[in-house]
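Computed from heavy atoms alone, side chains included, the values below leave out hydrogens, waters and symmetry copies. Predicted model only: the values in this text are computed from it and were never measured.
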Amino acid sequence: MDQLNDYADNRLVRGCVYCVGMAETRDHVPSKCLLDSPYPTNLPVVGCCDACNQNFSKDEEYFVCLLESVLCGSTDPKKIRRPSVAKIMEKSPALRQRIENSRTEINGQFGFIPEVDRIDNVMLKLARGHAAFELSQCCRTEPDHFWCGPLPSLPQEAQDTFNSVHFQQMFGEVGSRNLQRLFVTQLTMPSGNGEQQNIGMLINDWIDVQDDQYRYIAIDDMGFLIIRIVISEYFACEVAWGV
Ligand SMILES: [Zn+2]
């Protein structure tokens, strides 16, 4: 990934970005368990306390194992696509069994009943990490909007909206990495008198952390912070805070 420095006011993001604790360690956003080796260089890191770091790691393991079980239709490590996740499931028979026990069949379709609280915990943590790193904003409060689920479960139009780039209306935090990533493009549009005119637009695009594995977009515009995430081109999440 591009290595960008945060030039925003350094009082904005201090301590653990997930709670009010001290920053005792650094946390990768996204966590490496969500990515495959070889890992991208310059992965984003944020300050994190030891307690948050440990609390999240069990839920993250559960999430990656569940997601792979869904995508592969099995909890058998031999059938799991990602080697690092197959290894977790081999080493943690209790976790594998827990996911296997949640297997269900509805109208002939196999699926798994997710532990929603644990998945929400992981997605909210990722969104808070991206907001801190990209937007220089600490979002420790509960979000005003939260959705996560399979991207293909959305109607096509909603998927297109979700996947679209963002046309920036107002600048976010001065000096933030997000502001440094914005780029200008020229759009040709008809004006009121029917003639074509060129309009400069500021584009905020998705950031591909790892192809087909993890991408996100972080938006700070018109008083709203929005984070969208797509994992394995299947599981998606949208979190927003009105500030
Ligand atoms: Zn913490």
| request: Using modelled atom types only, decide if a donor and an acceptor are shared between the side chain of Arg81 and the backbone of Glu68 within a distance under 3.5 Å. | output: no

| So, the side chain of Ser153 versus the backbone of Gly149: is there a donor-acceptor pair under 3.5 Å, distance only? | no

What are the two closest heavy atoms between [X] and [Y], and how far apart are they?
{"X": "Leu151", "Y": "Arg215", "result": "CD2-NH2, 4.2 Å"}
{"X": "Leu66", "Y": "Pro114", "result": "CD2-CB, 3.8 Å"}
{"X": "Cys52", "Y": "Tyr18", "result": "SG-CB, 3.9 Å"}

Inspect the surroundings of [atom1] in [X] and state if more than 12 heavy atoms from other residues, nucleotides or ligands are less than 6.0 Å away.
{"X": "Gln196", "atom1": "CD", "result": "yes"}
{"X": "Met22", "atom1": "CE", "result": "no"}
{"X": "Gln109", "atom1": "CD", "result": "no"}

I'd like a table of donor-acceptor pairs (distance under 3.5 Å, sequence neighbours excluded) in which one partner is a side-chain atom from residues 34-48, with atom names and distances.
| residue | atom | partner | partner atom | Å |
| --- | --- | --- | --- | --- |
| Asp36 | OD1 | Arg82 | NE | 2.8 |
| Asp36 | OD1 | Arg82 | NH2 | 3.2 |
| Asn42 | ND2 | Met1 | O | 3.0 |

| request: Look at the rings of Tyr214 and His130 and say which category their plane angle falls in: under 30° parallel, 30 to 60° tilted, over 60° perpendicular. | output: tilted

| task | Assign the ring pair Phe162 / Trp147 to parallel, tilted or perpendicular, where the plane angle (0 to 90°) is split at 30° and 60°. | result | perpendicular

| query | Any side-chain heavy-atom pair from Leu126 and Ile231 closer than 4.5 angstrom? | reply | yes

| task | Answer yes or no: is there an ion pair linking Glu134 with Arg177, defined by an N-O contact shorter than 4.0 Å? | result | no

| query | Salt bridge between Asp59 and Lys125, side-chain N to carboxylate O under 4.0 Å? | reply | no

| request: Could you tell me whether the side chains of Asn101 and Gln97 share a donor-acceptor contact shorter than 3.5 Å? | output: yes

| request: Tell me yes or no: between the side chains of Gln159 and Asn163, is some donor less than 3.5 Å from an acceptor? | output: no

| task | Report yes or no: is the cationic atom of Arg103 (NZ for Lys, CZ for Arg) closer than 6.0 Å to the six-membered ring centre of Phe110, at no more than 45° off its axis? | result | yes

Between side-chain atoms of residues 83-94 and protein atoms elsewhere (two or more places apart, or another chain), which donor-acceptor pairs fall under 3.5 Å?
| residue | atom | partner | partner atom | Å |
| --- | --- | --- | --- | --- |
| Ser92 | OG | Ile88 | O | 3.0 |

